[in-house]
Asker: 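If you scroll down you'll find the structure; I have some questions about it.
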2 protein chains.
Amino acid sequence: MSSLANTKTRILDVAERLFGDHGFLGTSLRDITKEANANIASVNYHFGSKEALLAAVLERRLEPINELRLAKLDRLESQTEDKVLSVEDIVRAFLEPPFAKRKDWGAQGTTFFRVLGRVHGETSQEFRETFMQQFDVVLQRFFTAFQRALPNAPSKDLAWRMLFMTGSMAFTMSWGETLKQRDENLNRDPSEVIELLSAYVSAGMSATPTSQENPKT
Amino acid sequence: MSSLANTKTRILDVAERLFGDHGFLGTSLRDITKEANANIASVNYHFGSKEALLAAVLERRLEPINELRLAKLDRLESQTEDKVLSVEDIVRAFLEPPFAKRKDWGAQGTTFFRVLGRVHGETSQEFRETFMQQFDVVLQRFFTAFQRALPNAPSKDLAWRMLFMTGSMAFTMSWGETLKQRDENLNRDPSEVIELLSAYVSAGMSATPTSQENPKT
DNA sequence: GTCTATATGCGGATAGAC
DNA sequence: GTCTATCCGCATATAGAC
């Protein structure tokens with residue numbers, strides 16, 4: 001439990017929850033330290049600043065997710081001779097890790113994805129630059145895998161489709177919980193949702209290219 | 001130009017831009033009134049509160065977008081006998097209006113969509129409830145249209161796919177501009193993007209259902 | 001409708017004792 | 001590592017003159 005962990009971890013846990021519920025700017029260090037039973041000065045002692053605390057909250061969860069994505073892709077590619085995978089395998093290697101980790105992490109995991117959905121709106125341009133660098137390696141690896149799987153799709157199509165894929169996933173993770181309460185049809189088990197999402201994204205990624213072009217430009 | 005319009009409109013324009021650039025909580029009324037050449041007290045005089053100002057910013061753009069969506073759907077349905085449309089027609093009726101309006105509105109329009117992407121993270125639960133009610137009629141009409149076009153897809157599949165569709169669109173509109181600067185492949189004209197997005201979403205919406213079920217449950 | 005002045009409170013960060 | 005006390009600035013909102 002949170003209350004038994006050390007101060008640094010308690011701050012991380014509480015910050016994650018409050019950032020998820022009220023946003024980064026909507027949460028004060030006083031709110032966080034009060035709930036974490038920590039002193040107001042401890043955030044600066046342990047993390048340096050409020051923004052650095054947010055970075056720590058993000059990194060703690062994103063690192064294992066991206067590691068798992070790359071591990072799955074490595075494993076799939078090692079099982080083939082030419083590294084040509086099916087679109088659905090690639091899509092699942094990208095989409096399943098966040099869902100799997102969220103399940104591992106329980107309620108804290110659910111909150112984390114609401115934090116993620118808010119990064120764009122509430123942080124400085126420099127912060128977002130640093131933040132996105134965490135994804136550069138992952139996106140590059142998956143881009144290459146998609147290029148091999150869809151040799152007839154122009155690079156620009158693939159790049160945009162990866163953005164659409166990320167959007168479907170991110171929106172699902174940040175709005176999904178909120179919207180479940182408004183629509184009976186959305187009230188499903190997470191294991192069903194990942195199936196629905198994988199089917200949708202795989203079909204979208206495999207759509208007929210909008211134009212013909214050498215994919216290796 | 002903004003500088004020639006009346007105070008109320010100038011405040012709306014500046015608020016839209018600053019909310020888009022720095023977020024709702026990251027923008028102060030002082031920032032807004034300073035740039036709009038208006039007095040700090042004028043926001044409360046014209047709108048009542050900061051949150052009411054945000055609501056006005058959102059409504060000014062969302063109303064014509066949703067009106068256009070419904071008009072396109074009406075028009076398509078009036079051209080058929082049984083109101084059964086193609087998936088791509090429905091998808092385009094949903095996706096094209098925001099892109100078309102953004103084009104009409106120029107730079108102000110581009111900013112607006114960044115505001116939209118931030119609503120979830122920076123407002124109260126009650127505010128979001130009211131906000132989402134603006135979409136209830138639209139989503140219900142499009143849901144019915146998709147049910148007719150895809151009679152074999154279970155209702156739960158369609159509801160989630162509409163969420164995925166909205167996610168692809170919302171993510172594209174809020175992150176697209178930022179990411180264009182980081183990846184050459186993403187640097188495309190908006191008219192190309194809507195084509196790429198429509199193709200992707202249409203394929204996703206038409207994906208093979210994950211299970212068989214009576215769609216009219 | 002627009003202005004100045006002000007009420008009132010919360011924000012992040014830090015100094016320095018323990 | 002943790003605490004108290006405090007610095008200093010900015011926030012929204014409003015009262016009341018013009």
Side-chain angles (χ1 to χ4, degrees), chain A residues 2-58 60 115 118-119 121-128 130-131, chain B residues 2-58 115 118-119 121-128 130:
Chain A
S2 227
S3 53
L4 299 178
N6 63 34
T7 299
K8 194 169 175 176
T9 306
R10 288 203 318 275
I11 290 174
L12 274 176
D13 288 344
V14 171
E16 183 172 68
R17 196 176 75 247
L18 295 184
F19 288 163
D21 287 346
H22 311 294
F24 176 65
L25 296 169
T27 302
S28 71
L29 293 180
R30 285 176 169 82
D31 294 337
I32 294 167
T33 50
K34 187 179 171 188
E35 282 207 35
N37 267 341
N39 190 272
I40 172 72
S42 58
V43 169
N44 273 287
Y45 177 78
H46 285 292
F47 299 95
S49 72
K50 188 188 181 186
E51 206 170 60
L53 169 60
L54 173 62
V57 165
L58 294 172
R60 178 172 65 152
V115 180
R118 298 180 168 185
V119 170
E122 302 194 77
T123 56
S124 64
Q125 177 69 30
E126 313 93 271
F127 185 89
R128 291 200 295 273
T130 315
F131 168 73
Chain B
S2 227
S3 53
L4 299 178
N6 63 34
T7 299
K8 194 169 176 177
T9 306
R10 287 203 317 276
I11 289 174
L12 273 176
D13 288 344
V14 172
E16 183 172 69
R17 195 176 76 249
L18 296 184
F19 288 163
D21 288 344
H22 311 293
F24 177 65
L25 295 169
T27 302
S28 71
L29 293 180
R30 283 176 170 81
D31 295 337
I32 294 166
T33 50
K34 187 179 170 187
E35 282 206 37
N37 266 339
N39 191 271
I40 173 70
S42 58
V43 169
N44 272 286
Y45 177 79
H46 286 291
F47 299 94
S49 73
K50 188 187 180 187
E51 206 170 59
L53 169 60
L54 173 62
V57 166
L58 293 172
V115 180
R118 302 183 164 181
V119 170
E122 303 193 77
T123 56
S124 63
Q125 177 68 31
E126 312 94 270
F127 186 89
R128 291 200 296 274
T130 315

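Lettering follows sequence order; numbering is per chain, from 1. Atom set for the values below is all heavy atoms of this structure, side chains included, hydrogens, waters and symmetry mates excluded. Predicted model, so just to flag it, every value in this text is computed and none were measured.
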Asker: Quick check: does any side chain N or O of B/T33 sit under 3.5 Å from a backbone N or O of B/L29, one acting as donor and the other as acceptor?
Answerer: yes

Asker: Please report, rounded to the nearest Å, how far the P atom of C/dC10 is from the CG atom of A/D31.
Answerer: 10 Å

Asker: When all nucleic acid strands are considered with a 4.0 Å heavy-atom cut-off, which category describes B/T33: base, sugar-phosphate, or nothing?
Answerer: nothing

Asker: Charged N to carboxylate O below 4.0 Å: is that the case for A/D13 and A/R60?
Answerer: yes

Asker: Once you round it to whole Å, what is the distance between C1' of D/dT2 and CZ of A/F47?
Answerer: 15 Å

Asker: Please identify each residue that fulfils side-chain contact (heavy atoms from CB on, under 4.5 Å) with B/N37, with sequence neighbours left out.
Answerer: B/R10

Asker: Atom pairs under 3.5 Å, N or O on each side, protein against nucleotides 13-17 of chain C: can you list them with distances?
Answerer:
{"unit_1": "C/dA13", "atom_1": "OP2", "unit_2": "A/K50", "atom_2": "N", "d": "3.2"}

Asker: Consider the side chain of B/S28, meaning its heavy atoms from C-beta on, and name the nucleotide among D/dA11, C/dG11, C/dT2 that approaches it most closely.
Answerer: D/dA11

Asker: Applying ring pair (Phe, Tyr, Trp, His ring centres under 6.0 Å) as the test, list every pair that has at least one member in residues 24-56 of chain B; sequence neighbours left out.
Answerer: B/F19-B/F24

Asker: Is there a donor-acceptor contact under 3.5 Å from the side chain of A/E122 to the main chain of A/L25?
Answerer: yes

Asker: Donor-acceptor pair, distance only, cut-off 3.5 Å: does the side chain of A/N44 make one with the backbone of A/A41?
Answerer: no

Asker: Think A/T7 has a side-chain N or O under 4.0 angstrom from the OP1 or OP2 of D/dT2?
Answerer: yes

